[in-house]
Amino acid sequence: MTNTVPLKKNYEFSRVYKNGRFSASKHLVVYVLDNKLQTNRLGITVSKKLGKAVTRNRIRRLIRENYRLMEGMVKRGYDLVIVSRKVDVIPSFYDIKKEMNYLLRKLDMINTEVGNQ
RNA sequence: UGAGUAAGCCAGACAGCUGCAUGUACAGUGCCGAAAGGCCGUACAUGAGGAAAGUCCGGGCUCCAUAGGGCAGGGUGCCGGGUAACUCCCGGUGAAGGUGACUUUAAGGAAAGUGCAACAGAGAUAUACCGCCGGUUUUACCGGUAAGGGUGGAAAGGUGAGGUAAGAGCUCACCAGCGGCAUGGCGACUUGCCGGCUAUGUAAACCCCACCUGGAGCAACACCGCAAAGAGGGACAUUUUGGUGGCCCGCCAGUCCCGGGUAGGUGGCUUGAGCUUUGCAGAAAUGCAUAGCCUAGAUAGAUGGCUGUCAAAUACAGAACCCGGCUUACAGGCUUACUCAUAAA
RNA sequence: GGCCCAUUGGUCAAGCGGCCUAAGACUCCGCCCUCUCACGGCGGCAACAGGGGUUCGAAUCCCCUAUGGGUCA
């Protein structure tokens, strides 16, 4: 993830929740806010209500891997927060991929020239 | 073959592509920096568990006094051993359960004292309702009695015989309980003999006895930087205030509180009561010796993703200062020893 | 990560080991009152987080588990 650094502080998350645009699907919610930087900042939220440490680690890793694979297509200069919603079964890699692609396109975050290559 | 008991082991593997963290090496005269150094890149090595979990105990470590005294509080509770220590482990004793292999066991003291024992029942730590026996002023009283009935979790040892007006440890035998002596054992205790003739239960109720126990926790603590403070207001003057924690003493300091303000970094952070092999001691837990090994260390938090093969494999579950235990969760598979039943030889 | 606390009807809650078949209030249901509704009156349904242990007897005492919450930089 060469163009992305982690989003760390609680007040940074709060700013994105309060001021940013969002879009939701079955398993995910994505928040986006312009950060006026050269890089993107990514925060992943998996609530303790979703399960124990192994389950939460699994979801977080799937989200992170999918973001890594489509990072080249995402526009730069934004703060992103991806929240996992409560579900009964852990979603698969391809579910996450499909939903993330859909949500980022809906929020106009995909760089079309790179995406068409 | 079936049923079971005990002890122990494994916790998907391999291959390909592609990511992450740490360490080591190398290079670019790339970027930042005064420098030390840091960032970026490539290669290689290593990279979660038997419970990492719950936080129920015990320690190491750090700070508070070098952890001191007394009271209070808390914990443990058959005996011996092991250990750094333990509410742990091993072996044994007693008791309970099982045909058995074996399992379970908070198992000191009720004769130091206090409390409690609802309802039922005549009576609950002492008693006389029905009854039995004797007597009389004969249909109800008095006396004796605790065999029998009934109540209860528990009714002043149990069974049998003698004895008696009827009965009773009143007497005897056996059993149980208590005390003494002896035997075996380090000991819990066992076995035997003798004695007196009876002592409700509850201590996971207060308590007594013995032993242990200072408090807090890596968000401890140490250092650096920024900011703040050093301004202002208030308290105290050694019988006070704070460190100090449930209290008192003792010790230490000369200041302390309010107000204002608080988004950083480094160390602690992994070589340790460590792991593996062999030998010796021991019944075992464990100890000693020898040889070899280095085996996660993150800081929004690293082990991931996809594909293929194996009959199937997403069981429970993710290190956060580190160890020793306990408890709880758990798919499937394997090994060893033993018991019972049935059959065959 | 560490240290603490709590759990009783749908909700808020009281409860000396036996008087507990568990107080009370709100809610809900039925009846009465009223022309009707509300208020009021009468009656009813409904709970000790789960599992072991101690005890004659446990909501209460002890242990384990689950869930919820607080606090520390």
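None of these values were measured; they are calculated from a predicted model. Computed from heavy atoms alone, side chains included, the values below leave out hydrogens, waters and symmetry copies.
- Annotation: side chain of K26(A) is not in contact with side chain of D95(A) (no heavy-atom distance under 4.5 Å).
- A syn base is found at rG169(B): its glycosidic angle is within 90° of 0.
- A donor-acceptor pair is defined here as one N or O able to donate and one able to accept, closer than 3.5 Å; no such pair exists between the side chain of D34(A) and the backbone of Y78(A).
- Its glycosidic angle being within 90° of 0, rU238(B) falls on the syn side.
- In this structure, I59(A) atom CD1 and rU314(B) atom C1' are separated by 13 Å, rounded to whole Å.
- Base orientation of rA48(B): syn, since the glycosidic angle falls within 90° of 0.
- If you measure from atom CZ of R41(A) to atom P of rA300(B), you get 14 Å, rounded to the nearest angstrom.
- rC326(B) and rC338(B) have their P atoms separated by 28 Å, given to the nearest Å.
- Taking both residues in full, the closest heavy atoms of L28(A) and E99(A) are given as N-OE1, 3.5 Å, listed atom of the first, atom of the second, then distance.
- Pair assignment for rA302(B) gives none, since no Watson-Crick or G-U wobble pairing has each distance under 3.5 Å.
- Closest to the R68(A) side chain, of the nucleotides rU18(B), rG318(B), rC306(B), is rU18(B).
- With the nearest nucleotide of RNA chain B identified for both R60(A) and F93(A), R60(A) has the one nearer the 5' end.
- When the C1' atom of rA298(B) is taken as reference, atom CZ of R61(A) falls 12 Å away, rounded to whole Å.
- Applying the 3.5 Å distance criterion, the base of rG304(B) shares a donor-acceptor pair with the side chain of E65(A).
- With a cut-off of 3.5 Å on both Watson-Crick or G-U wobble distances, the partner of rC340(B) is given as rG2(B).
- Comparing rA117(B) with rU125(B), their P atoms sit 9 Å apart, to the nearest whole Å.
- With hydrogens and angles disregarded, a donor-acceptor distance shorter than 3.5 Å links the side chain of N66(A) to the backbone of L62(A).
- Between the P atoms of rG149(B) and rG160(B), the separation comes to 13 Å (whole Å).
- Taking the C1' atoms as reference points, rG49(B) lies 26 Å from rA84(B), given to the whole Å.
- rG243(B) and rC257(B) have their P atoms separated by 8 Å, with the value rounded to a whole Å.
- Residue M70(A) comes nearest to L104(A) through the heavy atom pair SD-CD1, 3.7 Å, listed as atom of the first residue, atom of the second, then distance.
- Taking the C1' atom of each, rC86(B) and rG75(B) are spaced 11 Å apart, rounded to whole Å.
- As rounded to the nearest Å, rC221(B) and rU240(B) have P atoms that lie 29 Å from one another.
- The same atom, P, is picked in rG268(B) and in rA106(B); the two are 45 Å apart, to the nearest Å.
- Here the P atom of nucleotide rC20(B) and the CG atom of N57(A) are 18 Å apart, to the nearest Å.
- Residues I44(A) and Y94(A) both approach RNA chain B. Their nearest nucleotides, taken by heavy-atom distance, put I44(A) toward the 5′ side.
- In this structure rG43(C) sits in the anti conformation; its chi angle is more than 90° from 0.
- Across all strands shown, rC186(B) remains unpaired; no Watson-Crick or G-U wobble contact has both distances below 3.5 Å.
- The main-chain N or O of L107(A) is found under 3.5 Å from a side-chain atom of R21(A) such that the two form a donor-acceptor pair.
- Across all strands shown, the partner of rU71(C) is rG2(C), judged by Watson-Crick or G-U wobble contacts whose two distances both fall under 3.5 Å.
- A syn orientation is assigned to rA199(B), its glycosidic angle lying within 90° of 0.
- Across all strands shown, the partner of rG43(C) is rC29(C), judged by Watson-Crick or G-U wobble contacts whose two distances both fall under 3.5 Å.
- Using N1 to N3 plus N6-O4 or O6-N4 for Watson-Crick, or N1-O2 and O6-N3 for G-U wobble, each under 3.5 Å, rA176(B) pairs with nothing.
- R61(A) pairs in a side-chain contact (heavy atoms from CB on, under 4.5 Å) with only one of the listed residues (I59(A), N57(A), I63(A)), which is N57(A).
- Note on L62(A): only backbone sugar-phosphate atoms sit closer than 4.0 angstrom, heavy atoms only; bases stay farther off.
- A 3.5 Å limit on both hydrogen-bonding distances identifies rG18(C) as the Watson-Crick or G-U partner of rC56(C).
- Remark: rA120(B) base-pairs with no nucleotide in the shown strands. Criterion, Watson-Crick or G-U wobble with two distances under 3.5 Å.
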